[in-house]
Amino acid sequence: MFDLREIEAAARLVHRNMPPSAQMRWPLLDRATGAQVIVKHENHNPTGAFKVRGGITFIDWLTRTRPDVTGIVTATRGNHGQSQARAATAAGLRAVVYVPESNSPEKNAAMKAWGAELRIHGTDFETAREAAIRAAGEEGLTVVPPFHRELVRGVATYGWELLSAHPEIEVLYVPIGCGSGICGCIAARDALRHGAEIVGVVSEAAQGARMSVAAGQAISTDTARTFADGIAVRTPVREALEIYGRGAARIVAVSDDEVAEAIRLYWTATHNATEGAGAAPLAALMQEREAMAGRTVAVINCGGNIDADRMATILTGGTPAP
């Protein structure tokens, strides 16, 4: 998808706007999993998630190739919207962001704080996305899709940071929402000629990506009812599916209970607050811990934007409702 020079150029641009994120070992995670675990802490980034990287590269590309652009519109469950609002408003552009009715109030507040014109529409991401596309035509805005080459090139920089620093990584667990994260990791691995096996992680309640890889074609689910909103996607992005369908070793499905347990483990072992999608890779590692025992494994903590009420439920032993 990219050669090494393209990813390194993206890294230089990203690092002018934010520092590389931490990649750390935590002894209590090693003890819990039986593996040597490296956590890539994208939850430490500005906006609290990995998506900030793609916002930087996409808006840079857009303003260079479309100097007449006045604003963007996109749909999101939160982290993508924060990323695009941050980068667009910094470039002097209008940023309109659509979210579904059930969206996280705290993520909504964060998007507004980064400069988004927030619009609430529909019951899920797909209906919000359809409304965003209509608004683009009506208001002369440029649509930012959930998956785009420039988004992936920016996101690939975290995979490049991690894998270039750790040639010893054998297995890398990455969550799958719309797919930019796992595709970025595959691109970085291949550009570096790294030997890591990449494992995608989805929710049991939103298995479109897993089902689609197994079937060899895109399959939608009727619902995506998981509290892990970053992976609550009903319909796989076809361009992403083509990449992770070939480049991922397998896709693991985790339950909401397993994700909640992984969030508790992150808190007790590292004192990091982690959102559902960010904890899903650790949940998958825990599910496969017998097979991973003694191996060097990395997990992507893709974000820490979890609402306080959900975190309170989890830390008292519960699992939040979707």
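Numbers for residues simply follow the sequence, beginning at 1.
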Could you walk me through whether R153 and E6 pass the salt bridge (Lys or Arg N to Asp or Glu O under 4.0 Å) check?
CA-CA 8 Å; R153 191 169 72 96; E6 290 176 295; over 6 Å; no

Tell me if a side-chain donor or acceptor on [X] pairs with a main-chain N or O of [Y] at a distance below 3.5 Å.
X: D257; Y: A260; value: no
X: H15; Y: A11; value: yes
X: R53; Y: A156; value: no
X: Q23; Y: E161; value: yes
X: D229; Y: A232; value: no
X: E242; Y: E239; value: no
X: E106; Y: A308; value: yes

What's in the same ILVMFWY side-chain cluster as V97, cut-off under 4.5 Å, chained through other members?
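Noted: V97 shares its cluster with V99, M111, L118, I120.
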
Run the numbers on R119 and E139 for salt bridge (Lys or Arg N to Asp or Glu O under 4.0 Å), then give the verdict.
CA-CA 14 Å; R119 298 178 183 176; E139 301 177 45; 2.7 Å; yes

Above 12 or not: heavy atoms from other molecules or residues under 6.0 Å from CZ of R64?
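Yes, CZ of R64 has more than 12 neighbouring heavy atoms, counting only those of other groups under 6.0 Å.
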
Might you confirm whether atom CZ of R234 has over 12 heavy atoms from other residues, nucleotides or ligands at distances under 6.0 Å?
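Result for CZ/R234: enclosed.
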
Is there a path of hydrophobic side-chain contacts, each under 4.5 Å between heavy atoms of I/L/V/M/F/W/Y residues, joining [Y] to [X]?
X: L141; Y: V144; answer: no
X: F2; Y: W160; answer: yes
X: M24; Y: L162; answer: no
X: L62; Y: V143; answer: no
X: L29; Y: V201; answer: yes

Any donor-acceptor N or O pair under 3.5 Å, side chains [X], [Y]:
X: E42; Y: S21; answer: yes
X: N305; Y: N79; answer: yes
X: T319; Y: D256; answer: no
X: N272; Y: N301; answer: no
X: R86; Y: T47; answer: no
X: T57; Y: D60; answer: no

Consider side chain to side chain contact (heavy atoms under 4.5 Å, CB included). Of I251, I219, V202, I176, which one does V213 pass it with?
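So, applying the side chain to side chain contact (heavy atoms under 4.5 Å, CB included) to V213 and each of I251, I219, V202, I176, only I251 qualifies.
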
Among M292, Q287, E197, find the one that has a side chain to side chain contact (heavy atoms under 4.5 Å, CB included) with Y173.
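Only match with Y173 under side chain to side chain contact (heavy atoms under 4.5 Å, CB included): M292.
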
Which heavy atom in [X] sits nearest to a heavy atom in [Y], and how many Å separate them?
X: S83; Y: K51; answer: OG-O, 2.6 Å
X: V259; Y: G276; answer: CG1-O, 3.4 Å
X: A206; Y: A224; answer: CB-CB, 3.8 Å
X: K40; Y: Y158; answer: CE-O, 3.5 Å
X: F125; Y: A75; answer: CE1-O, 3.5 Å
X: A321; Y: F227; answer: O-CB, 3.7 Å

Sequence neighbours excluded - salt bridge (Lys or Arg N to Asp or Glu O under 4.0 Å) pairs with any residue from [range]:
range: residues 304-322; result: none
range: residues 175-195; result: none
range: residues 280-299; result: E170-R295, R250-E288

Charged N-O contact under 4.0 Å between R5 and E8
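The answer is no: the pair does not qualify as a salt bridge.
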
So which pairs with a foot in residues 229-277 pass ring pair (Phe, Tyr, Trp, His ring centres under 6.0 Å), sequence neighbours left out?
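Found W267-H271.
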
Return each pair, listed once, that meets ring pair (Phe, Tyr, Trp, His ring centres under 6.0 Å) where at least one residue sits in residues 52-91; pairs must be two or more places apart or across chains.
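Output for this query lists F58-W61, F58-H148, W61-H148.
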
